[in-house]
There are 2 protein chains.
Amino acid sequence: MPQRQLAFPQVDCADCPIRHRAVCARCESDELEHLEAIKYYRNYEAGQTIVWAGDKMDFVASVVHGVAALSQTMEDGRRQMVGLLLPSDFLGRPNRERATYDVTATTDLQLCCFRRVPFHDMLSTNAHVSQRLLEMTLDELDAAREWMLLLGRKTAREKIASFLSIIARRDATINQNAKSGEVAFDLPLTREAMADYLGLTLETVSRQMSGLKRDGVIRLEGKRHIVIPDFDVLMDETGDDADGGVF
Amino acid sequence: MPQRQLAFPQVDCADCPIRHRAVCARCESDELEHLEAIKYYRNYEAGQTIVWAGDKMDFVASVVHGVAALSQTMEDGRRQMVGLLLPSDFLGRPNRERATYDVTATTDLQLCCFRRVPFHDMLSTNAHVSQRLLEMTLDELDAAREWMLLLGRKTAREKIASFLSIIARRDATINQNAKSGEVAFDLPLTREAMADYLGLTLETVSRQMSGLKRDGVIRLEGKRHIVIPDFDVLMDETGDDADGGVF
DNA sequence: GGCTGTGCTTGATCTGGGTCAAGGTCAAGC
DNA sequence: GCTTGACCTTGACCCAGATCAAGCACAGCC
């Protein structure tokens, strides 16, 4: 478990991903020193566990690059992913001493960490930070509710299509790689992790991926690289409203 | 749609349920006037729709009594409940103009409403309120993640048992009615609403309720009144860890 | 009293996705 | 070049829960 501490007080806020930079909104103010004093980086390898549910967790963090997953496991081993953290997402609860979920790196991962207690103390004095954190938490709640619809009511095929569209929309690489409406990206998850995300078995994930490929909705280059010839066709498979749902 | 406005500026903060009172933490300060100036009550009947997804929503609210549900509906009518609001729960997003979900009253309901824009403005000046709101939102996110495990991985019987234990634990009436470890309460939802909560059909809900009754895990007095002779026996049916999961 | 509508239960049958099992692909290490 | 192990695919079969259908319980109303 190599937990190298990189830069410490000399970290420049410009390093931070967008949302994290929003947390540091008062970069010009004297609060910056305070923020930086409790900030450090950690790196993890794909597959590593960052914390187990119930472990002490003495930091909160922002994802710099890579992907992390929050999951819950039942006594008999059934497993459900309940959070997927991409760059700029926030990890941890400032006022909670122990982790509620297993946290794992599904790709190589870099976190920008803040010591938990000083960070929590800062919330009461810094309205901008706690407001921004509220915004982010509300967004995550919306994402969780979208996810609940997927888990409770969608078919296996709709689940896969929805998952692919979620990753495609959030993956920063897609826009540059796009040629003539085509969208391409690498899956940051194994088939098993996808199954845990979607409430399926890995066999069903595999079969449905093959089905979408057979029907020309996606192309597979290797196991992990996805090409979507026509994003609208994929969206038709998700079961979601064509529009963003806004009337 | 009778939306009677009850008390207005003369409302006493003592009326407010616990969490809402926390929002008014500065009752003694001069901010009270500000809070009350934007506060009013609304009543709804069981079954009424409060707002539809996509509608303008010019208030946020705290549930005073009764139960409200947030749900999402797919084009073909498949429906998933994504939030169940009991007394003291918070409804709405201060900075969002339109509702994201259908909101319905599943029982007779009273809301304590705040005009959205003034409430949102208040957040930036009142650290206590926004911090408290952050706490509540994080709790809701945890509840949503528990719910995701239920939707993705639990069997129909485990879903029903989990649902009953959730309601039993949150229903304020249960503690007084308890005699010798027995727990009793009224279901605030129809079988159909339970099905929407659990990602099942109403027939499966009915069958599993009958199953739990046949096996002596619960007693049914009428359609809606539940008696749980031994709460531990019910918990064994949920699939959850015996303990709260805290190591 | 009977009628109507809403909510609930139960039975018969069907099917999507789980389970079990075999084998394929590919990269790393000897 | 062979072995090993991680990851993925595919096939055969099965079952939990969906679907379709009938009927019950009970409150409100004429």
Side-chain angles (χ1 to χ4, degrees), chain A residues 45-48 74 76-80 104-108 150-164 186-215 218-226 237 239, chain B residues 45-48 74 76-80 104 106-108 150-163 186-215 218-226 237 239:
Chain A
E45 284 162 28
Q48 248 190 298
M74 294 170 69
D76 60 6
R78 278 175 284 173
R79 207 174 156 76
Q80 177 64 52
T104 51
T106 71
T107 64
D108 290 347
L150 177 148
L151 290 172
R153 297 301 188 191
K154 289 190 178 179
T155 65
R157 182 183 250 242
E158 287 169 341
K159 286 179 176 184
I160 299 286
S162 301
F163 172 76
L164 294 176
D186 282 321
L187 285 175
L189 269 62
T190 65
R191 298 290 186 267
E192 187 176 20
M194 285 176 63
D196 287 344
Y197 185 108
L198 299 169
L200 296 171
T201 59
L202 70 89
E203 292 95 328
T204 299
V205 170
S206 186
R207 270 187 263 271
Q208 296 298 333
M209 294 278 285
S210 301
L212 289 174
K213 179 181 164 188
R214 190 183 332 108
D215 299 344
I218 61 173
R219 286 205 313 274
L220 270 166
E221 299 178 350
K223 310 293 187 188
R224 295 289 195 92
H225 191 75
I226 306 286
E237 299 283 348
Chain B
E45 284 162 28
Q48 249 190 299
M74 294 170 69
D76 60 6
R78 280 175 285 174
R79 205 174 158 77
Q80 176 65 51
T104 51
T106 70
T107 64
D108 290 346
L150 178 148
L151 289 172
R153 296 303 187 190
K154 289 190 178 179
T155 65
R157 180 182 253 245
E158 288 169 340
K159 286 179 175 183
I160 299 286
S162 301
F163 173 75
D186 283 320
L187 285 175
L189 269 64
T190 64
R191 298 290 187 268
E192 188 175 19
M194 284 176 64
D196 286 345
Y197 184 107
L198 298 169
L200 297 171
T201 59
L202 69 89
E203 292 95 329
T204 299
V205 170
S206 186
R207 270 187 261 271
Q208 296 297 334
M209 294 280 284
S210 301
L212 288 173
K213 179 181 166 189
R214 189 180 334 105
D215 300 344
I218 61 172
R219 286 204 313 276
L220 271 166
E221 299 178 350
K223 310 293 188 190
R224 293 290 195 93
H225 191 75
I226 305 286
E237 299 284 348

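Each chain gets a letter, A, B and so on, in the order the sequences are listed, and its residues count up from 1. Basis for what follows: all heavy atoms, side chains included, without hydrogens, waters or symmetry-related copies.
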Atom pair CG (Leu151(B)) and CD (Gln80(A)), whose distance is rounded to the nearest 0.5 Å: 8.5 Å

Distance in angstrom units between Arg153(B) CZ and dA16(D) P, rounded: 17 Å

Separation of atom CZ in Arg78(A) from atom C1' in dG17(C), rounded to whole Å: 16 Å

Integer-rounded Å distance: dG17(C) P and Arg157(A) CZ: 11 Å

Length of the NE2-C1' vector between His225(A) and dC8(D), whole Å: 18 Å

Integer-rounded Å distance: dT9(D) P and Arg214(A) CZ: 12 Å

Criterion salt bridge (charged side-chain N to carboxylate O under 4.0 Å, His left out) against Glu237(B), the qualifying member of Arg157(B), Lys154(B), Lys159(B): Arg157(B)

Nearest non-hydrogen partners of Thr106(B) and Ala46(B), listed with the distance: O-CB, 4.1 Å

Per-nucleotide protein contact string for nucleotides 3-16 of chain C, where B marks a base within reach and S marks sugar-phosphate only (heavy atoms under 4.0 Å, - for neither): -----SBBBB----

Nearest-0.5 Å distance that lies between atom CD in Glu203(A) and atom CD in Glu192(A): 10.0 Å

Distance in angstrom units between Asp76(A) CG and dT19(C) P, rounded: 10 Å

Length of the line joining Gln208(A):CD and dT10(D):C1', which is rounded to integer Å: 13 Å

Distance test, side-chain N/O of Thr201(A) to OP1/OP2 of dG18(C), below 4.0 Å: yes

Heavy-atom closest pair, residues Arg153(B) and Arg79(A): NE-O, 2.6 Å

Atom pair distance, as rounded to whole Å: NZ in Lys154(A) and P in dG17(C): 13 Å

Touch class at under 4.0 angstrom, heavy-atom based, for Gly199(B) against every strand present: sugar-phosphate

Nearest heavy atoms of Leu187(A) and Met194(A), plus distance in Å: CD1-SD, 3.9 Å

